[in-house]
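First the structure, in the form of structure tokens, and then the observations on it.
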Protein chains: 2
Amino acid sequence: MTSGVKNRTRQAIIDAAIHLLAGNPACSLGDIAAAAQVGRTTLHRYFGERADLLAAVATEGGERLGRAATLADLNRGTGAEALLRLCREYFDLGSLLSLMFSGQAGECWESQDEQFLVGVIERGRADGSIDPALPPDWVITLLWSQLYAAWEYRAQRPEESRHHVLDLLTRTLSNALRQPPS
Amino acid sequence: MTSGVKNRTRQAIIDAAIHLLAGNPACSLGDIAAAAQVGRTTLHRYFGERADLLAAVATEGGERLGRAATLADLNRGTGAEALLRLCREYFDLGSLLSLMFSGQAGECWESQDEQFLVGVIERGRADGSIDPALPPDWVITLLWSQLYAAWEYRAQRPEESRHHVLDLLTRTLSNALRQPPS
DNA sequence: CCGAGATGGAACAACTGTGTTCCACTACGA
DNA sequence: TCGTAGTGGAACACAGTTGTTCCATCTCGG
């Protein structure tokens with residue numbers, strides 16, 4: 001399979017790009033090629049110019065986000081439950097979170113996928129699992145910011161178990177969305 | 001007053017740097033100079049090299065954070081109340097939030113000022129206003145991420161009143177920190 | 001073994017950002 | 001009016017990134 005090698009190389013470059021761009025959106029193509037254990041010439045063979053690579057990264061990110069949303073089975077349970085399941089799936093996307101959150105390569109997915117999120121949140125506002133005083137857009141912003149916070153928190157504390165951080169994230173996010181008792 | 005002019009120019013450069021660096025940490029000195037309505041030569045006269053400007057921005061940021069903390073009168077009320085007051089003060093720091101949150105120039109303040117935050121949070125955990133299950137470090141991360149979220153939310157919606165966004169922020173943050181009823 | 005596909009390295013020109021020097025201009029007080 | 005502090009622009013050398021070309025190497029299947 002000749003195209004098998006090509007796909008593997010292409011994927012290695014994209015993976016390296018995701019990790020490096022997450023840490024430094026202005027990192028050089030040489031750094032990305034090195035991280036992918038690939039010559040800079042080869043990188044340019046696959047992605048003519050920087051913008052092409054960024055576009056491929058954005059596409060890859062969009063696909064991963066889509067798969068996570070599918071896994072989350074958003075139609076089940078209350079709106080808040082669905083949102084928390086999605087949050088768990090997103091959490092495992094790792095450094096892709098930084099990339100999406102900083103919005104460097106995230107313009108591609110937002111326009112489409114943000115809409116289904118609004119739907120889930122509206123459902124939660126209707127069934128009482130999400131405080132109706134919170135606009136859906138604000139809930140989305142909150143979701144992303146807490147996801148990024150959890151990712152950062154975990155990245156700086158290797159001794160913390162993934163499960164513990166995920167538990168903190170779930171607890172604070174579900175609390176934040178709940179209707180106040182007053 | 002000969003130094004009055006110099007101070008004004010210096011401050012204009014730092015202000016411009018804060019705003020531009022918040023949007024793009026890799027922006028050029030030429031852009032900053034243009035935003036400050038100052039020649040690139042003048043910018044280099046005040047800050048020999050890029051690192052000098054970044055250091056000045058970090059210092060300025062540290063001072064503004066310190067003033068905000070003073071205004072928040074952190075010894076008054078429960079830990080959660082004090083934290084929310086601090087949050088309101090921080091909210092008005094504007095684009096400085098992005099800069100501190102992204103941590104590009106924020107290494108300077110963190111080591112010192114993060115400690116008093118831990119103290120306030122510990123107080124809240126002791127007096128029951130903050131869920132003791134949340135580690136202080138996580139609360140700090142949460143505080144910053146929600147502040148940044150609110151700032152982003154507001155920046156993208158000029159029609160929203162400052163008060164309304166601040167209200168959303170206060171509501172979700174105080175909810176997130178509260179002990180769950182179960 | 002051989003040839004095609006895939007790669008890596010060297011070298012190159014173009015561009016951008018940086019830091020510096022030099023000179024002309026403006027404003028303001030003595 | 002003159003001198004000085006503050007400034008802006010032009011020009012320069014330097015470094016890093018980018019995109020390109022050319023050639024050598026490697027690794028397969030036939």
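All values below were derived from every heavy atom in this structure, side-chain atoms included, with hydrogens, water molecules and symmetry-related copies excluded.
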Inset, instruction - For B:T70, enumerate each residue passing the side chain to side chain contact (heavy atoms under 4.5 Å, CB included) test, keeping only those at least two apart in sequence or located in another chain. - result: none
Legend entry - A:Y148 and A:F101 aromatic ring geometry - parallel, tilted or perpendicular at 30°/60° bounds: parallel
Inset, instruction - Give me the residues of residues 12-20 of chain A where at least one heavy atom lies under 4.0 Å from an atom of DNA chain D, by number, or none. - result: none
Inset, instruction - Only pairs at least two apart or in different chains count here, so list each salt bridge (Lys or Arg N to Asp or Glu O under 4.0 Å) that has a residue in residues 40-57 of chain B. - result: none
Legend entry - Pairs meeting criterion side chain to side chain donor-acceptor pair (under 3.5 Å) with involvement of residues 128-142 of chain B, two or more places apart: A:R157-B:D137, A:R171-B:D131, B:D127-B:S129
Legend entry - salt bridge (Lys or Arg N to Asp or Glu O under 4.0 Å) partners for A:D92, two or more places apart: A:R162
Legend entry - Contact under 4.0 Å: A:Y46 side-chain N or O vs C:dT7 OP1/OP2: yes
Legend entry - Under the side chain to side chain contact (heavy atoms under 4.5 Å, CB included) test, residues paired with A:D73 that sit two or more places apart: A:R76
Inset, instruction - For B:H44 and C:dT18, give me the distance from atom NE2 to atom P, rounded to whole Å. - result: 7 Å
Inset, instruction - Take the protein atom CG of A:N7 and the nucleotide atom C1' of C:dG5, then report the distance between them rounded to whole Å. - result: 14 Å
Legend entry - Reading 5' to 3' through nucleotides 8-17 of chain D, protein heavy-atom contacts under 4.0 Å coded B for base, S for sugar-phosphate only, - for none: BBBB-----S
Inset, instruction - Check salt bridge (Lys or Arg N to Asp or Glu O under 4.0 Å) between B:E122 and all other residues, then give those that pass, not counting sequence neighbours. - result: B:R125
I'd like a table of donor-acceptor pairs (distance under 3.5 Å, sequence neighbours excluded) in which one partner is a side-chain atom from residues 13-22 of chain B, with atom names and distances.
from	atom 1	to	atom 2	distance (Å)
B:D15	OD1	B:Q11	NE2	3.4
B:D15	OD1	B:R64	NH2	2.9
B:H19	ND1	B:D15	O	2.9
B:H19	NE2	B:S95	OG	3.4

